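Some notes on the structure that comes next.
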Amino acid sequence: MTDLSQRELTLISAMNDRIGDTMPAMARLCTGESPDLFRSLLSRIGDKWTLLVIGILGTDRRRFTEIAELIPGISRRMLTVTLRALERDGLITRTVYAEVPPRVEYELTDLGRSLQALALSLAEWVSDNQHQISDHRRRFDDVAQGTSDEAERGQSVPVRPNRS
């Protein structure tokens, strides 16, 4: 286990202090005034590409091809779908310039910038914890495949219920 910095310990302590408050609040939000809208927005924000696009745009205006080049693995179609959804939700604006060929630029709105701070915090958390999570995944997969050291030595390993 790695030693945590004082900043990380303070953040963990603050989060633990809020756990009791956040669980009931999340339950209220999930079932509140517009539960379908709430879930659809969480789905939008939590999809594979949205937070990457939000993070890439930053404070700059970017052309479609610039965004596509900065996000490895995204298809042109998926980038188009993601940008349209973000525009529909008011998180980005799309500006078309009357030039030949037409130039189109995307930038964050104030609402999008408010989400960007959260996106960057989440990205930092992923960066800080990706190796630890990768190790957990590997161990989990080894146990699931019966190839872990514990299983090979005949030691007890946690059994997960069948979720069929």
Side-chain angles (χ1 to χ4, degrees), residues 2 4-141 163:
T2 61
L4 298 175
S5 70
Q6 186 58 45
R7 177 178 172 262
E8 291 168 324
L9 290 172
T10 302
L11 288 172
I12 290 170
S13 176
M15 286 188 306
N16 285 336
D17 290 345
R18 293 185 59 202
I19 289 290
D21 297 332
T22 59
M23 295 313 232
M26 181 60 88
R28 278 193 307 277
L29 292 170
C30 288
T31 59
E33 179 182 336
S34 301
D36 291 339
L37 177 61
F38 181 81
R39 285 190 304 274
S40 74
L41 290 171
L42 282 181
S43 179
R44 158 70 42 231
I45 293 165
D47 75 11
K48 187 173 182 178
W49 304 111
T50 294
L51 291 181
L52 292 173
V53 170
I54 295 290
I56 293 293
L57 283 173
T59 58
D60 301 327
R61 288 183 180 170
R62 295 198 185 267
R63 296 180 76 165
F64 183 94
T65 53
E66 290 178 279
I67 299 168
E69 289 170 359
L70 292 170
I71 303 177
I74 193 167
S75 68
R76 294 180 64 81
R77 180 188 175 285
M78 188 48 63
L79 180 55
T80 298
V81 168
T82 301
L83 289 169
R84 284 186 183 160
L86 292 172
E87 184 180 11
R88 179 177 183 244
D89 289 342
L91 299 172
I92 65 170
T93 58
R94 177 179 184 262
T95 306
V96 180
Y97 296 92
E99 300 174 356
V100 177
R103 179 171 49 112
V104 179
E105 293 180 337
Y106 299 88
E107 68 180 316
L108 293 175
T109 62
D110 288 342
L111 185 60
R113 278 188 283 285
S114 72
L115 176 58
Q116 185 184 36
L118 297 170
L120 293 175
S121 292
L122 183 57
E124 186 175 290
W125 181 89
V126 169
S127 178
D128 290 347
N129 293 286
Q130 64 187 341
H131 298 295
Q132 184 178 356
I133 291 169
S134 178
D135 290 344
H136 284 283
R137 286 180 176 182
R138 183 186 42 76
R139 286 194 301 270
F140 182 95
D141 293 345
R163 293 190 178 116

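Nothing here was measured: the structure is a model prediction, and the numbers come from that model. In this chain, residues are counted from 1 in sequence order.
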Side-chain donor/acceptor of [X] to backbone N/O of [Y], under 3.5 Å:
X      : Y      : result
Asn129 : Gln132 : no
Ser127 : Ala123 : no
Ser43  : Arg39  : no
Ser134 : His131 : no

Rounded distance [0.5 Å steps], [atom1] in [X] versus [atom2] in [Y]:
X      : Y      : atom1 : atom2 : answer
Leu79  : Glu69  : CG    : CD    : 11.0 Å
Leu70  : Thr65  : CG    : OG1   : 9.5 Å
Leu91  : Ser114 : CG    : OG    : 7.5 Å
Thr82  : Arg77  : OG1   : CZ    : 9.5 Å
Asp128 : Gln130 : CG    : CD    : 8.5 Å
Leu51  : Arg44  : CG    : CZ    : 10.5 Å

### Message
Taking CZ in Arg103 as the centre, count heavy atoms belonging to other residues, nucleotides or ligands within less than 6.0 Å. Is the count above 12?
### Response
yes
### Query
Under the side-chain contact (heavy atoms from CB on, under 4.5 Å) criterion, do Ile74 and Leu52 qualify, and how do the steps go?
CA-CA 10 Å; Ile74 193 167; Leu52 292 173; over 6 Å; no
To check you understand the geometry: which heavy-atom pair defines the closest contact between [X] and [Y], and what is its length?
X      : Y      : value
Arg62  : Ile56  : NE-O, 3.0 Å
Thr109 : Ile92  : CG2-C, 3.7 Å
Ser40  : Leu37  : OG-O, 2.9 Å
Asp60  : Glu107 : O-CB, 4.0 Å
Glu105 : Tyr97  : OE1-OH, 3.2 Å
Leu57  : Tyr106 : CD2-O, 3.6 Å

### Query
Is Arg113 salt-bridged to Asp110, cutoff N-O under 4.0 Å?
yes
### Query
Is Phe64 close to Arg76 at the side-chain level, that is, under 4.5 Å between some pair of heavy atoms?
yes
### Task
Report the residue from Leu86, Leu120, Ile54 that forms a side-chain contact (heavy atoms from CB on, under 4.5 Å) with Leu115.
Ile54
